[in-house]
Amino acid sequence: MTFIHHTGETRRGRRALVAGSVGNLIEWYEFGVYGYFATIIAARFFTPEGGSEAEALVRTYASFALAFFFRPVGAALFGRLGDRVGRRPVLVLVITLMTVATALIGVLPTYAQAGALAPWLLTFLRVLQGLSAGGEFGGAVSVMTEFAPPGRRGLYGSLQSFTVALGLLAGAGAAALLATVLTEEQLGSWGWRLPFLLTLPLGLGALWLRLRLDETPAFMAEAARETPPPREVARAVVLGAGRIMGWAAAGYTFLVVLPSYLQSSLGATFQQALVATVLANLGFAVTIVPAGLLSDLLGRRTVMLTGAVLVVVLAVPLLNLLQESGVSNTVKGVAVFGAGAVVGLMAGPGPAMLSEMFPARVRCTGLGLAYALSNAVFSGCAGLIITETIERTGSVDIPAYYAAVTCAVSVPALLTLSGRGGGRGGRGEGWTDGMRVNGCG
């Protein structure tokens with residue numbers, strides 16, 4: 001009977017990993033596609049006659065940022081629903097909303113076809129995506145870490161970040177494939193729509209998986225318990241956002257903004273920029289799961305601090321290397337691969353670290369808000385801030401300064417993690433490294 005019980009728990013845990021992570025993959029696939037096609041979207045939706053390319057790109061990133069600022073709204077709305085009704089209904093709802101909104105982008109009329117209505121329609125769909133993405137992270141990470149065996153939350157949570165890398169790689173791969181098989185005219189005319197339309201079958205598959213998902217034991221056990229004081233929850237949300245702001249900023253700078261930066265500031269071709277992005281995301285993917293596993297052994301603080309400090313030290317030299325015309329493409333490829341790998345050191349332990357800051361009664365809301373707020377400010381605004389600042393100052397080192405400064409600010413917040421950081425020992429150890437509450441799930 002014990003063997004059967006453990007086999008059932010293992011099966012449920014694996015199902016939770018797949019169902020929780022697949023929606024995140026689709027979300028980041030779409031956000032990656034939007035970033036990789038930013039220059040084309042700018043030309044099709046934000047460039048009326050007489051407008052400059054730089055101005056259109058800034059408007060495109062403004063729409064990008066707006067979606068991120070609706071993430072906290074989605075995190076609060078769907079997070080509260082997830083803490084009251086359950087994780088499963090929320091995950092079903094948000095994947096449906098994300099799939100529909102993303103697929104509709106693929107059939108939107110352009111500025112040439114619909115005039116000023118076109119950018120407004122695009123922005124509206126981006127808002128819907130922001131709302132669904134805000135609910136996705138809290139629900140998915142709660143499910144994955146609440147089904148994790150004792151001492152394996154870092155590993156289970158890292159798979160959520162791993163699907164970020166897979167989603168970005170899938171987006172970059174789709175963009176690279178289209179750029180190879182289609183002419184520039186075809187790509188700009190209709191080819192850019194195909195990656196958005198591909199979300200529809202992917203989303204239907206994810207929906208089927210989530211409809212078969214069980215509710216987590218932690219939610220069932222904690223549903224009747226008293227909600228922690230709002231002040232304690234708010235304090236933990238702010239602290240959590242500070243701990244991951246470097247991850248958010250450096251991740252988007254190196255993994256998403258890089259293609260447009262290489263094209264607009266360093267004169268790279270679309271294909272060259274995509275190759276660099278694929279290499280950065282491969283480096284990111286390679287280190288995520290090992291970093292999560294290491295955090296189970298060494299603690300979240302040690303691994304995440306290492307990543308943050310490395311970004312502070314290496315960001316400017318790395319960007320200067322990319323700017324050097326005499327440096328071989330192989331060396332530059334290794335450099336961008338390394339940049340992605342360093343971000344993975346923060347992204348691997350990050351989900352488990354946030355989950356451990358909140359008891360199950362407020363976990364969906366708390367960790368979702370912390371993640372959404374940090375990403376709204378430091379990821380969503382990355383492209384806008386970098387592009388606008390380069391335009392005003394003429395300095396091509398801005399992306400490196402942005403990543404280094406945000407990681408430097410994250411360091412003090414990460415130092416507040418306990419030495420063990422929930423990484424070693426039993427289920428209760430470090431489970432609320434951020435809130436002074438009892439009876440945590």
Side-chain angles (χ1 to χ4, degrees), residues 20 24 75 79 137-138 140-146 148 150-164 218 233 235-251 287-309 311 342-360 362-375 378-379 406-407 409-437 440-441:
N24 195 62
F137 184 84
V141 172
S142 293
V143 164
M144 295 166 78
T145 56
E146 287 173 1
R152 285 293 179 267
R153 291 191 300 271
L155 176 61
Y156 271 52
S158 70
L159 294 175
Q160 190 277 344
S161 292
F162 184 66
T163 56
V164 173
V233 178
R235 172 186 171 276
V237 166
V238 172
L239 181 59
R243 287 173 176 175
I244 66 169
M245 64 180 287
W247 163 25
T287 55
I288 288 172
V289 175
L293 183 59
L294 271 177
S295 76
D296 284 328
L297 302 173
L298 306 177
R300 320 288 180 228
R301 184 175 71 178
T302 300
V303 181
M304 295 186 73
L305 270 174
T306 300
V309 171
V311 172
V342 170
V343 177
L345 294 178
M346 294 180 282
M353 181 275 296
L354 287 176
S355 181
E356 289 163 350
M357 292 181 67
F358 302 92
V362 293
R363 184 166 294 131
C364 267
T365 306
L367 74 88
L369 273 174
Y371 182 79
L373 286 170
S374 190
N375 275 268
F378 302 106
S379 290
T406 49
C407 282
V409 175
S410 269
V411 167
L414 287 169
L415 286 171
T416 63
L417 276 166
S418 68
R420 293 173 297 181
R424 297 180 298 198
R427 179 171 176 79
E429 181 177 290
W431 192 251
T432 52
D433 196 350
M435 293 186 62
R436 296 184 296 273
V437 294
C440 305

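Hydrogens, waters and symmetry mates are skipped; everything else that's a heavy atom, side chains included, is used.
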Can you tell me if Thr416 and Arg243 form a side-chain donor-acceptor pair at under 3.5 Å? yes
Nearest heavy-atom neighbours spanning Gly251 and Val343: CA-CG1, 3.7 Å
Calculate, to the nearest 0.5 Å, the distance between atoms OG and CH2 belonging to Ser379 and Trp247 respectively. 9.0 Å
Of Leu345, Val342, Thr406, the one forming a side-chain contact (heavy atoms from CB on, under 4.5 Å) with Val311 is Val342
Measure the spacing between CZ of Phe378 and SG of Cys407 and express it to the nearest 0.5 Å. 11.0 Å
Val237 and Phe358, any side-chain heavy atoms less than 4.5 Å apart: yes
Within-4.5 Å side-chain heavy-atom neighbours: Leu305 and Val411: yes
Rounded distance [0.5 Å steps], OG1 in Thr145 versus CG in Leu367: 7.0 Å
Within the distance-only criterion (no hydrogens, no angle test), does the side chain of Ser161 pair as donor or acceptor with the backbone N or O of Ile288 below 3.5 angstrom? no
Rounded to the nearest 0.5 Å, what separates atom CG in Leu354 from atom CG in Leu369? 11.0 Å
Does a side chain donor of either Ser295 or Arg300 reach within less than 3.5 Å of an acceptor in the other side chain? yes
Looking at every heavy atom in both Ala372 and Ala75, which two are closest together, and how far apart are they? CB-CB, 4.0 Å
Do any N or O atoms from the side chain of Ser142 and from the backbone of Gly138 form a donor-acceptor pair under 3.5 angstrom? yes
Identify the two heavy atoms, one from Pro351 and one from Ala347, that lie closest to each other, and give their separation to 0.1 Å. CD-O, 3.1 Å
Test item: Ser158 side-chain N/O and Leu155 main-chain N/O as donor-acceptor pair under 3.5 Å: yes
Between the side chain of Asn24 and the main-chain N/O of Thr163, is any donor-acceptor distance below 3.5 Å? no
Considering all heavy atoms of both residues, which atom of Ala291 and which atom of Gly344 are nearest to each other, and what is their separation? CB-O, 3.7 Å
Polar side-chain atom of Ser374 near backbone of Ala370 as donor-acceptor pair, under 3.5 Å: no
Sidechain N-carboxylate O distance under 4.0 Å for Glu146, Arg363: yes
Separation of Met346 CE from Ile244 CD1 (nearest 0.5 Å): 10.5 Å
From Met304 atom CE to Leu417 atom CG, the distance as rounded to the nearest 0.5 Å: 7.5 Å
